[in-house]
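Below: the structure, in structure tokens.
Because only heavy atoms are used, hydrogens play no part in the values below, and waters and symmetry mates are left out as well, while side chains stay in. All figures in this text were calculated on a predicted structure; none of them were measured in a lab. For the single chain, residues carry numbers from 1 onward in sequence order. Counting convention: from 1, in listed order, for ligands and their atoms alike.
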Amino acid sequence: MKNVLQELTRIVQGAALVEPPHAQVEFIVSSISQAIGIDVCSLYRIESNGDLLLVASYGLGNQGEVVVPAGKGLVGAVVKDRHPVNVANVSNQAAFYPVEASNEQRLKSFCGVPMVKHGEVIGVLVVQSTKARRLSKDKEAFLATLALQLALLLPAIADNPDLPSNRPIKGVRGAVGAGIGQARFMTTAGLANVVDAPSVDIAADIARWHELLNQVKAEIAAEQAHLSKELAEQVSSIFDAYQMLLADPALSQHVEAEIKAGHWLPSALKISIHFFADIFRNMEDPYLKARYEDILHLGEKLLQAWRGGTKQNDLVDQNEPIVLIGTQVSISDIAQIPVSQLAGIVCFEGGGLSHTAVVANALGIPAVMGVGALKGVSNGDTLIVDGNEAQVIISPSALLLNEYQKSIARELKLNDELQTLKDKPAETRDGQRVRLLANTGLLSDITPGLKSGAEGIGLYRTELTFMARDSFPSEDEQVQVYRQVFEAYPGKPIYMRTLDIGGDKQLAYYPIQNEENPALGWRGLRFCIDNIQLLMTQVRAMIRASVGSESLHILLPMVSATSQIDTFHALLNDACQQLRTEGYEFARPKIGIMVEVPAVISQLPFWQHKLDFVSVGSNDLSQYLLAIDRNNVRVAGLFDHLHPAILHELQRAVSRAMNCKLPLSVCGEMASDPASVVLLLAMGVRTLSMSAARLPRIKRVIRSLEITQAKQLLDEAMQLDDAKAIRQLVLGRMAAAGIE
Ligand code: PEP
Ligand code: MG
């Protein structure tokens, strides 16, 4: 073989493009036998009973279905040993198990390699030759490498009749919650398929083009108005990006030039939209990529307007719950459907921070992103969108559907019941009062906190305000946004965190790139101190917004060094002085840090006089203690904040904070996990901050608990060496005590 890497790439990338699945596996086996120069290449899939079914073969000439019973033959040995089997002559092998229909009696050599996914063997890739010669080491390595990559590419390995029912398809979480509805593909107007034709009336086409621009501008404004009933201005302002693109003279002039060059309007539109989309697509940064999607959406919308009518009209009339599904469901698509009818959103591409995910979260619609091209789904198929587990289930069995229906109904009922707790205190049965605050960051997310009885905002993630925009917000713009938070929670504590970008949180208009370890890089306060002007603007805006209240607590993310706290104090002094000189009257805000970098716990005694409070960011604290990327699905199974080492460090943090007389709260996901809450209370934590949706449930747990019980449970949990065992212990004990 000449160029191994080239061959590998050719086969893997080629296979990714072939559809349907049976053609894909045919492509794979024929390409491999060609690349290796060998008589036969076969692919076996493991069935649920352990049997190996031949799903594709090149050169075997089998007569009918070939099934190797579980554990039999050399293929069975590959599965059992999870190791390649490479032999010159199968007839010398005791394990050889010829299957009659396989027509392999004439074949001598055998090399089989396992295909493994998530630690499980899912199939075997085999090459065989009529010559009694062992496959060379190079070729064996080539085959093993291919098997590794193909196992990820072929989740189902060809058409498995057991599928697709009940097989969850994993993606990334766009928005939490679960929903069931009928699939509705967001089909496009078909810009890509427009055929070229000459313009019969250039002047008329140009005039029509300007009409279309105006029509689509008006449509988008109407969609924006429709959505803003449910959404605060901040999120719906994403529509402004569409309007800006439409207003760009470069687009308008390009289309005109193409019409003048002789193309009819649809094809002038296609040429221009693809021209601009390609420019953006080929630039690597996420902001420009996002604009590429927007341009394509607009192109489709303009073509639809030219065709006449709105493509989703038929959807709006239906009463069935709908799951919108598409490569990238646009926010225009979402706006076409009444929110009450939307059961979920599924995007083939895109991540948890995309505009679509931001909007889905704000509307409370379960969403799963980045699931890859969903094969075998048609309009009208039933889909379960499980945003909690970041998975989609296509055509679920009646049993599974029933389970989900029950759980959704339970959820709704529980929410109603929990509403009755709104004005009751979060107090344990033995009289310990706990303060429950809300985490937020979107204006549209403020009122749910109030409705669920939050006693303030424990974590205001300001980066969300920065993310849902096209450029850094000005001081006045920030004041306007932050003021609404103070107005919504008069006299209640507000913990506003300074901009925490970097790592997994990127600003589209200021991407931080070229970092080998972004989670350990230019993040949070590190970034802001290097861009001190942004921090100054933000701190001034926070103080101005807080005028008239004394509730501003400024929370600093990703702190690890004394110098960072000192720099911030100096900046704050400066900001206060500037604002007082400008005539503002206000109380100096309280200053605290996030306990996210584990090193901070040891530093607390040094910093006790520099800080007013600390707040544990258990998400990042866990990520750094366990060295597990919190967003990496490959290692997600290892991420559990009930890991004994995390509990140990938390206990150390709580007792250090107490000794230093530093008020401590917990604002990471642990605060909304009932089992963790029990242990946190036992450690002495009395302030928890969580998403509004989780708050009533946590209040219920607190109200049914006694601290003495919790302390005993903590003592027992600290004797265990495994997160799963700890969770089991706590949940088991809670269930026995009648606590959810
Ligand atoms: C955390 O790290 O626990 C936290 C609350 O901050 P974020 O999730 O925004 O990083
Ligand atoms: Mg964090």
Side-chain angles (χ1 to χ4, degrees), residues 172-176 351-353 357-358 361 390 436-442 445 449 454 456-468 494-507 512 517-528 538 553-560 564 592-601 613-632 636 639-643 646-647 649-650 653-654 657 664-673 676-677 679-680 685 687-695 698:
V172 275
R173 183 189 291 174
V176 289
L353 296 175
V358 170
N361 259 306
L436 297 186
L437 307 173
N439 287 355
T440 183
L442 287 174
D445 218 17
I457 299 285
L459 171 63
Y460 187 84
R461 290 180 163 104
T462 55
E463 53 275 9
L464 297 184
T465 302
F466 283 67
M467 278 173 181
I494 310 285
Y495 292 72
M496 281 205 165
R497 186 169 71 183
T498 56
L499 183 61
D500 182 21
I501 55 155
D504 62 322
K505 290 181 243 172
Q506 293 279 343
L507 289 182
I512 299 168
N517 290 302
L520 306 181
W522 215 27
R523 288 197 53 181
L525 195 64
R526 304 167 184 187
F527 170 86
C528 282
Q538 187 173 37
H553 297 63
I554 299 182
L555 186 50
L556 307 175
M558 285 299 292
V559 171
S560 58
Q564 295 171 312
I593 58 165
M594 298 282 290
V595 178
E596 291 173 311
V597 180
V600 158
I601 300 170
F613 64 92
V614 294
S615 185
V616 177
S618 58
N619 311 336
D620 276 317
L621 186 66
S622 307
Q623 150 161 280
Y624 296 124
L625 276 170
L626 301 178
I628 294 175
D629 179 347
R630 59 194 260 195
N631 294 312
N632 186 336
F639 192 101
D640 190 334
H641 42 227
L642 287 185
H643 189 289
I646 295 174
L647 296 182
E649 285 305 294
L650 275 170
V654 174
L664 175 143
S665 60
V666 175
C667 66
E669 289 302 303
M670 266 186 114
S672 51
D673 169 25
S676 304
V677 165
L679 301 180
L680 289 171
V685 176
T687 304
L688 297 168
S689 189
M690 67 210 75
S691 73
R694 298 293 297 171
L695 197 142
I698 293 302

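At least one heavy atom of Met594 lies less than 4.0 angstrom from ligand 1.
Contacts between Arg497 and ligand 1 below 4.0 angstrom, taking non-hydrogen atoms only, involve the side chain exclusively. The part of Arg461 lying near ligand 1 is the side chain, judged by heavy-atom distances below 4.0 Å.
Between Phe613 and Tyr495, the ring planes are perpendicular. Angles over 60° get that label, and only those under 30° would be called parallel.
Asp500 pairs in a side chain to side chain contact (heavy atoms under 4.5 Å, CB included) with only one of the listed residues (Arg523, Met594, Arg461), which is Arg523. Tested against Val614 for a side chain to side chain contact (heavy atoms under 4.5 Å, CB included), the candidates Val654, Leu555, Ile601, Ile593 yield a single pass: Ile593.
Each of the atoms 5 (C) of ligand 1 lies under 4.0 Å from some heavy atom of Cys667. Ligand 1 places these atoms under 4.0 Å from at least one heavy atom of Asp620: 1 (C), 2 (O), 3 (O), 10 (O). Atoms of ligand 1 lying under 4.0 Å from at least one heavy atom of Gly668, given by number and element, are 3 (O), 5 (C). Of all atoms in ligand 1, listed by their number and element, those nearer than 4.0 Å to a heavy atom of Leu459 are 5 (C).
Nearest protein neighbour of atom 8 (O) of ligand 1, counting heavy atoms only, is Arg630 NH2, 2.7 Å.
When side chains are defined from C-beta on, Leu647 counts as touching Met670, because their heavy atoms get closer than 4.5 Å. Considering only heavy atoms from C-beta on, Ile554 comes within 4.5 Å of Leu556 through its side chain. No side-chain heavy atom of Thr498 sits less than 4.5 Å from a side-chain heavy atom of Thr462. Side chains of Ser622 and His643 form no contact here, defined as non-hydrogen atoms less than 4.5 Å apart.
Taking CD1 of Ile646 as the reference point, atom CG of Leu626 lies at 4.0 Å (rounded to 0.5 Å).
Checked against a 3.5 angstrom limit, the closest N/O atoms of Glu669 and ligand 1 fall outside it. By the 3.5 Å distance cut-off applied to N or O atoms, Glu596 is counted among the residues near ligand 1.
When distances to the Mg ion (ligand 2) are checked against a cut-off of 2.8 Å, Glu596 contributes an N, O or S atom below that limit.
Residue Asp620 approaches the Mg ion (ligand 2) most closely through its N/O/S atom OD2.
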